[in-house]
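Following: one structure in structure tokens, then a few remarks.
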Amino acid sequence: MEIVLKGRIKEAVKKLYNSEVPDEFIQLQETRKDFRGDFTLVVFPLLRYSKNTPETTGEMIGSYLVENCSAVSGFNVIKGFLNLEISDKWWLEFFSKMASEQDHFANCRVPEPETIVVEYSSPNTNKPLHLGHIRNNLLGFSLYRLLSSTGHKVIKTNIVNDRGIHICKSMLAWQRFGNGETPESAGMKGDHLVGKYYVLFEKAYRLEVEKLILDGMSPAEAKETAPIMKEIREMLVKWEAGDKDVIDLWKMMNSWVYAGFDETYLKLGVDFDRIYYESQTYMLGKELVLKALEKDILYRNNDSSIWADLTSEGLDQKLLLRSDGTAVYMTQDLGTAVRRYDDYHFNRHIYVVGNEQNYHFQVLKAVLKRMGYEWSDGLIHFSYGMVELPEGRMKSREGTVVDADDLIAEMHETARSVSLELGKLSDFSDEEKEDVFRKIGLGALKYFILKVDPRKNMTFNPEESIDFNGNTGPFIQYTYARIKSVLRKASRSGLNDDVPVSFPFQALQKELDLIKLLRRFSETVATAAHDYSPALIANYCYDLAREFNQFYHDYSILGETDTEIRTFRLVLSKLTSEILAEGMWLLGVEMPERM
RNA sequence: GGACCUGUAGCUUAAUUGGAUAGAGCAUCUGGCUACGGACCAGAAGGUUGGGGGUUCGAGUCCCUCCAGGUUCACCA
């Protein structure tokens, strides 16, 4: 519609003022609710062609459109805004077409699909997933659905940080305090068990440091010389040397963690096409660095560590290999990027990683570019804000981390108690009930996280449980369930909800509002995919659910005696439920048929 | 100190990317269930968009400058 209107407006300016207007001067937008009309043309940019007042220019273009464009039924001009009214007939025809389409994403497909790698999750194998990971996973997964819905080929990947000194910590603590404990014997999820030993290590380490300080050592020196720290370093050296005992222990404990992660991923409803392990890419990174050194892209320091000088790009010196020749974080990320390009030849590579690593990704791009990889322009850091608690950042050492599994369980529990209090689902079996509670609890959590601008830090207050009223996932799920209920009742009564070819009656305001909102779906999906913004989808779904609720309260659906009007309302309801489900699907939220 | 990000009602937040009177939810107050589901709807109250300048027909949005907060600048990952 917009395209047609824009063309006509161009035509109008040409006829009326004998000038060609560039596209960006034709600013067409949806009319605000408080004004009469459907689309609004901002006439200010056109004044240079009309050489007239905004009001007169608006009047002239408006009259032209009413005469020459059948869809435009009227207009009004307020200040410099030309509000165009689209005929009900046009809206109803549009609605019929949309309701009969099988694939609601058809209109948002991009003309040239790309291959896009999305990396998300990126856990460490020394502790369980927490609330920050939940945000990461939900954003990553939703980006995948958004981008693939617009026609791109998207590969979901994960990079597992499975090597390094932090991993050795839980291994050592398990050796020392574990007595052969396993997830089975402890009755714990594997990742939680390993996390427990990580905490035990930190405790033991702190004790040793405190003792040394008491003996008169400086804090810095104490941290360096604590015996347990020494053991850790020895263990890391053994790991890198491939010592059988250490490697076996590492493999065993990692397998526990992976089993635990898999369980959490399954509960969250996210998955991956390909998992990369740092332990398998850091060697490639080392090779790349050494090769670049030969080409004088990098330089070697006196102590034989290797650095990149990025001062000409406005960045600092960056270490790429330690003096002892071992790899750092950046080294392995260089290796991972190159390997992924070899694997997929992506057009874009999106890293879903917290904003604390903004600098890291600037450097990563710059170094790859310098090494001659032109595709590094396609690396995108999707940077999101931290999840904080009311008292500040989550600190694993202080035990203030909100555990992912615990939170999911709590949401499920809250959904259960709210539902039971409302007396719902009394005819459901226990399993059916639990499944619905799970969907609602998870829906509340996902929506709560995805509806906010990813760039912003968000605070999560564990004391106040996530709302189920207002702008929330359950509100949208509820609206969906209610529509489904109406449709069930209609089909039991043998009422028709097929798409009629035309609606020969005058539609009411709320009905038109709903149709207008439905029309915006494909446009919203396209924009959200382009801007990497699941929040846009979330807010759209909320608007739609709200609009439907108003419509629902104002007008009878099943009680309407005129067959055509009732059919129309049934189809309208059905289409709304489909679009709601599609939108929430993009966010990874499941919709219960009843709740 | 350098770089980057954020600041909108008491709280959580939106604003079609520079458009009209800044829009919602929570909390507070008022009204509405014999209609197809009240996890709802309607209404009231709540704002100097952190402050100040600038750009123009027009600024929450762009530029400058302060203020506040966060992140980062590691031979941690």
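Here is the naming used below: chain letters follow the sequence lines, and residue numbers restart at 1 for every chain.
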Pairwise P distance for B:G46 and B:C40, with rounding to whole Å: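 Here B:G46 and B:C40 have their P atoms 25 Å from each other.
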
Say you pick atom P in B:A15 and the same atom in B:G23; how far apart are they, in whole Å?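 Between the two P atoms, the distance is 14 Å.
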
Let me know the distance between [atom1] of [X] and [atom2] of [N], rounded to the nearest Å.
X      : N     : atom1 : atom2 : answer
A:H553 : B:C36 : NE2   : C1'   : 10 Å
A:K516 : B:U16 : NZ    : C1'   : 15 Å
A:Q509 : B:A42 : CD    : C1'   : 17 Å
A:E356 : B:C76 : CD    : P     : 17 Å
A:F25  : B:U56 : CZ    : C1'   : 14 Å

Start with the C-alpha gap between A:Y542 and A:F475, add the side-chain angles, then the distance that decides, and say whether ring pair (Phe, Tyr, Trp, His ring centres under 6.0 Å) holds. CA-CA 8 Å; A:Y542 176 64; A:F475 169 73; 5.5 Å; yes

Counting only Watson-Crick or G-U wobble pairs whose two distances fall under 3.5 Å, which nucleotide matches [N]?
N     : value
B:U61 : none
B:U17 : none
B:U72 : B:G2
B:G10 : B:C26

Of the nucleotides [options], which one has an atom closest to the side chain of [X]?
X      : options             : result
A:D453 : B:G38, B:A14, B:U72 : B:A14
A:I557 : B:C36, B:A39, B:A77 : B:C36
A:L558 : B:A14, B:G70, B:C36 : B:C36

Spell out, as yes or no, whether a donor-acceptor pair under 3.5 Å connects the side chain of A:N161 to the backbone of A:E278. no

Protein proximity profile, nucleotides 18-26 of chain B - base contact B, sugar-phosphate-only contact S, no contact -, cut-off 4.0 Å on heavy atoms: -BBS--SSS

State whether the distance check finds a donor on one side and an acceptor on the other, under 3.5 Å, for side chain A:T479 versus base B:A39.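 No such pair is found, so the answer is no.
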
Taking A:D38 as the fixed residue, which of A:K33, A:R520, A:K516 is the one that meets the salt bridge (Lys or Arg N to Asp or Glu O under 4.0 Å) rule? A:K516

Within 45° cone of A:F428 ring axis and under 6.0 Å: A:R594 NZ or CZ: no

For the residue pair A:Y277 and A:Y258, is the inter-centroid distance of their aromatic rings smaller than 6.0 Å?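 Yes, ring centres under 6.0 Å apart.
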
Please confirm whether the shortest side-chain N or O distance from A:Y478 to OP1 or OP2 of B:A39 is below 4.0 Å. yes

